[in-house]
Amino acid sequence: MDEEFTSGGNKKSAISQLWTRLSQIYQSVLDKWTPHSRARWAGTLVLLFLFGLRIVLQQWYQGVVDRTVPWQKTRWFAAVILVLVFLARVLYAQGWYIVTYALGIYHLNLFIAFLTPKIDPAMDFDAEDNGPELPTRANEEFRPFIRRLPEFKFWYSVTKSTIIGIICTFFECFNIPVFWPILVMYFITLFCITMKRQIRHMIKYRYLPFTHGKPKYQGHEETTGKVVSPK
């Protein structure tokens, strides 16, 4: 018991000494910069300029991304081109299989989130009020399928991760030697198991992850009460 108390006290003492030492170093650096007022203010202005430039670039980048929202086919065509460029790079260099496997697993997770409803029927105990159900009456309002991962965020994540993967192929530290056929077989097995579970989930809770427009429903009276006039 005494040994545990002594060891705990030693750890706290070491941490306090380290913190004190860091504080002393920080204070000594500040003291050295005290006479250099011009250099200090110049550094402050440079930091303020960089901070403002960062905000401007973020706003410009966000504006460019927002303008691509209506161009769905063009966005996905560019994403497919990026994926093909990444695969061509990997096949040509004969390496970076770990990066390829990690990128494939990440894309698979994004795809599953894209197919999954935002409110999971298996976890929602109040599905009658909040669930993405289909209408069953003619006068019932149509409610489209709400995804856990929206289409734009799905595309954005795929594009950004693919660009990061392409950049990683230019660094040898990510080229870890592995036996790639095992990774391919494991990815195919994981893909089949995951998609099988997702399809079972769709069949069990009777939903489709795709919505095309706003369908019109006719009531029973409208379909059976028609009178065909003779010609």
Side-chain angles (χ1 to χ4, degrees), residues 50 53-55 57-123 132 144-205 207-212:
L50 293 177
L53 181 62
R54 175 175 172 268
I55 294 177
L57 291 178
Q58 281 184 342
Q59 293 177 350
W60 172 81
Y61 174 74
Q62 190 63 41
V64 172
V65 172
D66 293 339
R67 283 194 292 269
T68 62
V69 173
W71 307 92
Q72 182 177 357
K73 294 182 179 180
T74 306
R75 288 189 283 106
W76 280 107
F77 178 77
V80 170
I81 294 297
L82 281 176
V83 172
L84 293 177
V85 169
F86 173 78
L87 294 177
R89 166 68 178 167
V90 171
L91 293 175
Y92 176 78
Q94 293 295 315
W96 291 277
Y97 300 118
I98 287 292
V99 176
T100 307
Y101 176 74
L103 185 62
I105 294 296
Y106 181 69
H107 286 180
L108 179 61
N109 290 331
L110 292 175
F111 183 62
I112 295 300
F114 177 73
L115 297 179
T116 305
K118 184 177 181 180
I119 302 175
D120 192 354
M123 303 299 294
F145 181 81
I146 303 176
R147 306 180 186 278
R148 179 182 300 176
L149 181 66
E151 178 271 333
F152 182 79
K153 291 185 178 179
F154 180 33
W155 165 81
Y156 183 76
S157 300
V158 168
T159 304
K160 184 172 65 173
S161 60
T162 305
I163 293 175
I164 294 174
I166 294 175
I167 294 174
C168 290
T169 58
F170 292 94
F171 295 91
E172 195 65 28
C173 60
F174 297 106
N175 188 13
I176 302 174
V178 292
F179 187 60
W180 65 266
I182 295 180
L183 296 180
V184 173
M185 293 301 299
Y186 185 74
F187 178 78
I188 294 175
T189 304
L190 184 62
F191 177 81
C192 294
I193 293 175
T194 306
M195 291 305 301
K196 182 179 179 180
R197 182 176 58 187
Q198 185 66 27
I199 292 174
R200 285 182 176 178
H201 189 273
M202 293 165 56
I203 295 175
K204 181 179 180 180
Y205 295 101
Y207 68 89
L208 290 176
F210 302 102
T211 302
H212 299 284

Looking at side-chain heavy atoms only, is the closest gap between [X] and [Y] below 4.5 Å?
X      : Y      : answer
Arg147 : Phe154 : no
Gln58  : Gln62  : no
Met195 : Ile112 : yes
Phe86  : Val90  : yes
Thr194 : Asn109 : no
Ile163 : Lys160 : no

Locate the shortest heavy-atom distance separating [X] from [Y]; write the atom from each residue and the value.
X      : Y      : value
Val158 : His107 : O-NE2, 3.7 Å
Cys168 : Trp96  : O-NE1, 3.3 Å
Ser157 : Leu110 : CB-CD1, 3.6 Å
Ala79  : Thr159 : CB-OG1, 3.8 Å

Exercise. Measure from the side-chain N and O atoms of Thr169 to the backbone N and O of Ile166, and report whether any donor-acceptor pair falls under 3.5 Å.
Key: yes
[atom1] of [X] to [atom2] of [Y]: how many Å apart, nearest 0.5 Å?
X      : Y      : atom1 : atom2 : answer
Phe191 : Ile105 : CZ    : CD1   : 11.0 Å
Tyr97  : Asn175 : OH    : CG    : 8.5 Å
Met202 : Thr116 : CE    : OG1   : 9.5 Å
Leu87  : Thr100 : CG    : OG1   : 7.0 Å
Leu91  : Leu84  : CG    : CG    : 10.5 Å

Quiz item: Passes side-chain contact (heavy atoms from CB on, under 4.5 Å), Lys196 versus Ile193? Steps please.
Solution: CA-CA 5 Å; Lys196 182 179 179 180; Ile193 293 175; 5.8 Å; no
Exercise. Look at the aromatic rings of Trp155 and Phe152 and report parallel, tilted or perpendicular, splitting at 30° and 60°.
Key: tilted
Quiz item: Should we say atom OH of Tyr101 is surrounded by more than 12 heavy atoms from elsewhere, each under 6.0 Å from it?
Solution: yes
Practice problem: For Gln72, enumerate each residue passing the side-chain contact (heavy atoms from CB on, under 4.5 Å) test, keeping only those at least two apart in sequence or located in another chain. | Solution: Arg75, Trp76, Glu151
Quiz item: Between Leu103 and Ile164, does a side-chain contact (heavy atoms from CB on, under 4.5 Å) hold up when you go through it step by step?
Solution: CA-CA 9 Å; Leu103 185 62; Ile164 294 174; over 6 Å; no
